[in-house]
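Structure record follows, encoded as structure tokens.
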Amino acid sequence: MADDSGGAAGSAGGGEEKPGRSCMEDVLDFVACLGRGAVATGSGVKWTARYACYPIKESVVKCVDRSADYQHPYRKKEFNNLVPTFEVTTSDARLDELLHMRLAGLPLAGL
């Protein structure tokens, strides 16, 4: 009877670890370290590729835009200067003074 109660208490205590458990934890730690390293390396490669390829991509896009503008000139975003324009020029010093006062938000005294 004493053997039965002692055996149950000894197996429930579990103070000792199984020898394979320590090795398994070490292997899992090693695999986790490799995984973290692979993720960090992938992020670095992605960042480097993104910033290294940007000038090349921009050159290709500009080349495609230039060839499209050459083949389809009506798609250009340029305006012809055939439209009449309107321009106001003042040669009077008093008008210039009043204009500057108005733009500065000062009251127009003397009108």
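Hydrogens, waters and symmetry mates play no part in the numbers below; they use all other heavy atoms, side chains included.
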Once rounded to the nearest 0.5 Å, what's the spacing between atom CG of Asp65 and atom CD of Glu58?
9.5 Å
side-chain contact (heavy atoms from CB on, under 4.5 Å) with Phe30: of Leu34, Leu28, Asp26, only one passes, and it is Leu34
Just by modelled atom types, is the Val64 backbone N or O under 3.5 Å from a matching donor or acceptor in the Ser67 side chain?
yes
How many angstroms lie between atom OG1 of Thr41 and atom CZ of Arg36, to the nearest 0.5 angstrom?
12.5 Å
